[in-house]
Each structure stands twice: as structure tokens, then as C-alpha cells.
Number of protein chains: 2
Amino acid sequence: MLFKRGCMNKEIILTGDRPTGPLHLGHFVGSLQSRVRLQESHKQFVMIADVQALTDNYDNPQKVRDNVLEVALDYLAVGIDPSKTTIFIQSCLPQIPELTLYYLNLVTMNRLKHNPTVKLEIRQKGFGDSVTAGFMTYPVSQAADITAFKASIVPVGEDQKPMIEQTNEIVRNFNRIYKKPVLVECKAVVPTFSRLPGIDGGGKMSKSLNNAIFLKDDENVLKKKVKKMYTDPNHLRVEDPGQVEGNPVFTYLDAFGSDRGKIQDLKDHYQRGGLGDSIVKNYLFEVLNEFLEPIRKRREQFAKDPKEVFQILKKGTEIAYEKAEKTLDEVKSVMCLKY
Amino acid sequence: MLFKRGCMNKEIILTGDRPTGPLHLGHFVGSLQSRVRLQESHKQFVMIADVQALTDNYDNPQKVRDNVLEVALDYLAVGIDPSKTTIFIQSCLPQIPELTLYYLNLVTMNRLKHNPTVKLEIRQKGFGDSVTAGFMTYPVSQAADITAFKASIVPVGEDQKPMIEQTNEIVRNFNRIYKKPVLVECKAVVPTFSRLPGIDGGGKMSKSLNNAIFLKDDENVLKKKVKKMYTDPNHLRVEDPGQVEGNPVFTYLDAFGSDRGKIQDLKDHYQRGGLGDSIVKNYLFEVLNEFLEPIRKRREQFAKDPKEVFQILKKGTEIAYEKAEKTLDEVKSVMCLKY
């Protein structure tokens, strides 16, 4: 109810996640921690994007369903506070498909085909000619997500910037064609520390690459994952000088450690030679475990009562519904569709 | 409320019109007359397809809006009886965009690109590369229209058959993927006498070709239109033999005249020679005027009270809403989207 209590002048943020798996340290660094911060100063809508998840998981709806709860638990565990942030389930808002359908008239197929993000994803996922209409048009659906809340700030990865451009094109087209500034343009905000490498050092941390440390991983799982982490492949003997740049063990220490002095000492020592990987890893385990411990505890607490979690989602969804309904109402009004 | 009173075993028809202009004699012959007949034996939903009309009139929503009333008046004037037929406004049913979005995941872009009806229309309308995503995906939206009502019969023109194939493909995909026969396949029913030529003899009667006689045309307008009708261009002098085939004056007599003997005599005389166009046209005017007179009267009656007409549409829309909601509920249930 925050935005009802005279907070209308707070800037509105829309963000969210596709419920395709539990969230991991990469999510924390890339988005969750800034959400916890921004909920103090902004009106924040966090969407569990189950409809979007279905665009490439349409044949496995149970997976999406199960992960709605997982993602909600992760949100609550890291401190996204439902009294400050509106958490909602995308599929419960019929306004989004309605807006999507109207916006589809304002975008050419040519434009969609040349969306760099979609092009890349089609290649990565190997869709080729068999790409579905749902996947191809999801940038329009995203424009509906964002504009339904009149969000002016959308935190995204660098690779998602074309999505925001597409949204703003739709906003400008709509406002011009229907002669009233009903929709609001938004700004992409790219986090400075946006990408955490996976424990394999290979690429972005990701569930599908099997290189993630999940927020819900217990102590044993965490220990095993840290133990098998990729470090400097040329650091063969303890006495050899090792590399710190591109070494995920140190990247994680930078991201999650608080004792800057100790971390700097370890880095210097590692670079000089004489510091074994296992010592650094033991310390990293301690740091991560200390970081995850309270998150795990809160998560377990909420997980005991999924009904209560769904009650939180229901309340958030009601607030989101009301806001989206207001926008749809204005949209239908300028489109002469009010009966 | 018909389908509630133990009429569940009646076959369900979905049909409708895009509200882009008032209806004409071509509509009467092609669809309206059979709707008046079928409402006695079937559960019939007639949709005023304003959302579909917007796909290529998105920049002129007032035109679509105005014609919702025009089309409704035409329906009531020809005898579509709201106590037997459910007349509703498409844009008032949020279930249709929701279903559309889910179905978009079940159709490849490739498939849409090769839809013969859409390909032809893109060429006819000169869209080329600038075709919008809304226009390109409208067959999926149509599948949502049809399946929302579990319609098993869809009256269509020959050229619209690929739309029904596309719908049935979606139905089969959906039922297979979600492992429950929630959706119902439909049958295209092509009327035997489906196309009325325009008064210019050029092609199909159509508002945009400016060759239509509207159901609401008054006596004077009708007289002028019949007078300037295209006949046999080689029938230069009264004594010349004239052609009856492809001569719209005789086509209209066949469609609207009841005195079969007299019409046959006129045809024979015309073919022999010695019968002037103006005599046949005068007779056609009489026939059409007699046909249109009661329609005009009922139309004027309803037009006096547009509020009452919208009340009728509101009632129909409520019934349609309930039916579509039931289908959406089943769809979301098998897609694990019920919260």
C-alpha cells in the first residue's frame, strides 16, 4: 500500500526474475542487493515473471510453478520487505496480455527480428527457424510489464538495453498515435558490479551452466562447491606466484568479504607466491558461510509456511493489479475502448 | 442465458464482424441470413471484433468505436435475436488476450509467415516489410476467439480456411503438451452462396471498394446505386441479346427475389434480346426495396435508443465473459497457473 500513502512522487522501479530455478550469488550481486537498498527510496515492483518463463518453458509448466515459490523464498530471505516492495506474480495480471496485444500493433515484425538481444538468444538457444511467436514477441510483452506500472527505472544487464529501447519506442508511438502522454518512458539502469563469474570461472554464474552457488545451499554443499572452484590454472605449486585478476575466488572475496585489509594481504601474498589455494578457499568458505547463514535461516523460516508466502504474494499481486488496471483503463480510454 | 438452460449439447458457433463500417447486402448473403437461421438450432456467439479491427486501424480507433454501434444495429435489424444469440464486444473480454499470449508459445514464426490468408492480405494491403506484429499474429488471436467459447463450428469464407487450420493446430498442440483435452477443434463451414459481387461487377461487395449497398441505405440511395449498376457491357441496344452470367443485376435477383418464375422469364428475355437494362433494374430496385424496408424500419427503431443497444451488448458480453472465463480457468489449471 506504500504508493497510496502519499508516495506518488517516488520514482517507480520495475524489476523481477523468471522463476526457472532458485536464485544464486550472481543474482544477489547483480540485482537482489540493490533491490534491498532501493526499496527504502523508491516505489519498487518486483515481478515473478512466470508468463515470460513459459515462453521457453511452455512444455514444462510445473517447473515454472515450483520455482515461483523458490524465488519468493529467496526474495524474502535476502531482505526484500513486502511492506516496502510489491512482489507479485505476472500471470495473475490480465492487464499485461491486454496491453501486449495493443502494443503488438505498434511494432513491425522487421523491428522485432532485428532486436539484438532476441537475435542473440535465438542463436544461443538454437531455436533457428523454429522460434516461436511467443519468444519473438516477448520484448513487446516486457514493454507491457514495464509500462503497466509506469516504471521510470528498470535495472537491467548491459545485454538487456535493447529491450528498454524497444519499450521506449512503443511508449513514444503510443503517446503520439493516441495523442495523450498516457505511457511513461523508462531508463535502463545497469548495475556497476553486475556479473559474478561461475565457480568454474567460465562465464556468468548460472543455474543452467551448473556453476552456481545458491542462496539456499547448506554448509556442506557450500564447502564442496568452494573446494572445487576454479582458480589460477598456472598456480601449480604453493610457492608459485598466482594471478588474482580473473580468479573467481578473489572476485567472490571482493564481492562478499568485509575485511578489506585481510583480503588485500591475501591478494599480495598470492601474487608474490607462497599462498596455497586451499587457504584462500577456506577463508572464502568462511566469508560466504557467514554471509549466507542469516539468509538460509530466514529462508527456512519462511519455507515452513508456504501458505504464508503465497499470502504475501497475493497481497502484492492485489496492489500490482490495481496499479496495472489504472494504466489499462487510461490506455483503453484513449483507444476509445471504454464501454 | 440460453446455454445455461440445458442447451449445453447444442453445437457452439463463433462468428462475428470487424466493426470497420456498416454492413451491406454482401454480409447479409454471406453470413447474416444464416446466423438468423442458425440461432434457432445452435448456441451462437457473435463477436463484434473491435480488437481485430484495430490490428489495421490502430491509428483510427474512433472509426472502430463508431462502427461497433453501426454493426450492432445491423445485427438487430436483420433479426439476430439477443435472446437467442450472444452478441458481445471483443475488447471487453480480457480472457482473449491471455489465451492469445499462451498460444503464441505454441506457434512458430515460420508457421505464421506461411499462413496463406495472412500472406495474401499483407500483399493486398501493401504492408510488405512494415507488417506489424499485431497483424502477423492475428491468426493466433483468432484461435483464442474461437477456443474461448469452445466453438465447434466457425462459418468462414473459402479464403479463411487456413485460419481454422491454424486454430486446430494450436488446439492439438495445447491438448498434447498439457495432457488434457481442454480445447475443442472446430470445423470451417463455408456458405454455399458466399460472395455477392459489388454493384460495379468488379469483385466482392465491399465498403472499401465503394461498391456496396448498405442495409441502412434509404430508398433514394438505393435507387441511385441500382441505376448505376454494372450489367453486360456488350448489351448496348435493347434488341441485343444480353448475358445473365456474371451480370450482378441478375445475381442480386437470384439472391433477393422470391418470384422465381418472373426472374426466369426476365433472364430468358434478356438473353434473347429485347429487354432493356432499365426495366430489369427497376424490378431489382423493387425487390431490394421490399427486402430492405423492414430491416431499415427495425434499424431506425433501435437507432433511436443507442443506450438500449449498448445494454443488449452489455448483457451479451457478460454471458460471453462467463464462458471465456471458464475456458481460461481450465487452460490456466493445466498450465499450473492457478493461484
Side-chain angles (χ1 to χ4, degrees), chain A residues 50-51 54-66 68 89 91-92 94-113 127-141 144 173 177-178 310 313-314 317 328 332 334-339, chain B residues 50-51 54-66 68 89 91-92 94-113 127-141 144 173 177-178 310 313-314 317 328 332 334-339:
Chain A
D50 57 346
V51 178
L54 283 167
T55 57
D56 50 344
N57 291 279
Y58 60 85
D59 51 354
N60 197 355
Q62 190 61 50
K63 169 182 154 190
V64 173
R65 172 69 178 219
D66 293 342
V68 167
I89 302 176
S91 67
C92 296
Q95 297 85 2
I96 293 174
E98 259 194 275
L99 291 173
T100 303
L101 230 60
Y102 299 137
Y103 297 169
L104 282 172
N105 294 332
L106 312 182
V107 182
T108 67
M109 282 312 306
N110 230 0
R111 179 68 182 83
L112 285 180
K113 264 187 279 181
F127 287 151
D129 259 6
S130 70
V131 62
T132 65
F135 194 83
M136 198 72 184
T137 55
Y138 95 80
V140 183
S141 203
N173 277 344
I177 291 169
Y178 299 112
F310 279 112
L313 295 181
K314 188 166 175 278
T317 302
L328 180 63
K332 290 181 91 162
V334 297
M335 290 182 75
C336 312
L337 289 172
K338 292 289 295 174
Y339 286 98
Chain B
D50 57 346
V51 178
L54 283 167
T55 57
D56 50 345
N57 292 278
Y58 60 85
D59 51 356
N60 197 356
Q62 190 60 50
K63 169 183 155 191
V64 173
R65 172 68 179 221
D66 293 341
V68 167
I89 303 176
S91 67
C92 296
Q95 297 85 2
I96 294 174
E98 258 193 276
L99 291 173
T100 303
L101 229 59
Y102 298 137
Y103 297 169
L104 282 172
N105 293 332
L106 311 181
V107 182
T108 66
M109 282 312 306
N110 230 0
R111 179 68 182 81
L112 285 180
K113 265 187 278 183
F127 287 151
D129 259 7
S130 69
V131 62
T132 65
F135 194 84
M136 198 72 184
T137 54
Y138 95 82
V140 183
S141 203
N173 276 345
I177 291 170
Y178 300 111
F310 279 111
L313 295 180
K314 186 166 177 278
T317 302
L328 180 64
K332 290 183 91 163
V334 297
M335 290 182 75
C336 311
L337 288 173
K338 292 288 295 173
Y339 287 99

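The sequence lines fix the lettering, A, B, ..., with proteins before strands; numbering per chain opens at 1. Only this structure's heavy atoms are used, side chains among them; waters, hydrogens and symmetry mates stay out.
- There is no contact between A/Lys113 and chain B, counting heavy-atom distances below 4.5 Å.
- In terms of heavy-atom pairs under 4.5 Å with chain B, the best-connected choice from A/Ile89, A/Val334, A/Thr100 is A/Ile89.
- In plain terms, the two heavy atoms of B/Leu104 and A/Thr132 that are nearest each other are O-CB, 3.8 Å.
- In terms of heavy-atom proximity, A/Pro97 sits nearest to B/Glu98 at CG-CG, 3.5 Å.
- Among the candidates B/Leu106, B/Ile177, B/Asn173, B/Asn105, the single residue satisfying the side-chain contact (heavy atoms from CB on, under 4.5 Å) test with A/Asp59 is B/Ile177.
- Of the listed residues (A/Asn60, A/Ile96, A/Asp129, A/Asp56), the greatest number of heavy-atom pairs within a distance under 4.5 Å of chain B belongs to A/Asp129.
- Using a 4.5 Å cut-off between heavy atoms, A/Thr317 does not touch chain B at all.
- None of B/Val64, B/Asp50, B/Leu54 except one satisfies the side-chain contact (heavy atoms from CB on, under 4.5 Å) rule with A/Met335; the exception is B/Leu54.
- For the residue pair A/Ser130 and B/Thr108, the shortest heavy atom distance occurs at O-CG2, 3.5 Å.
- Put simply, the side chain of B/Leu313 does not reach to within 4.5 Å of the side chain of A/Tyr339, judged on heavy atoms.
- Rounding to the nearest 0.5 Å gives a distance of 7.5 Å between CG of A/Leu101 and CG of B/Leu101.
- Proximity to chain B is absent for every atom of A/Phe127, based on heavy atoms less than 4.5 angstrom apart.
- In this structure, chain A has a heavy atom under 4.5 Å from the side chain of B/Lys332, while its backbone stays farther away.
- For the pair B/Ala133 and A/Leu112, the tightest heavy-atom approach, listed with the atom from each and the gap, is CB-CD1, 3.7 Å.
- Here the straight-line distance linking atom OG1 of A/Thr137 with atom CE of B/Met109 works out to 8.0 Å at 0.5 Å rounding.
- The choice from A/Tyr178, A/Phe135, A/Phe310 that makes the most heavy-atom pairs within less than 4.5 Å of chain B is A/Tyr178.
- Smallest separation of non-hydrogen atoms from B/Lys338 and A/Arg65: O-NH1, 2.5 Å.
- Residues A/Tyr102 and B/Val51 meet the side-chain proximity criterion, which asks for heavy atoms closer than 4.5 Å.
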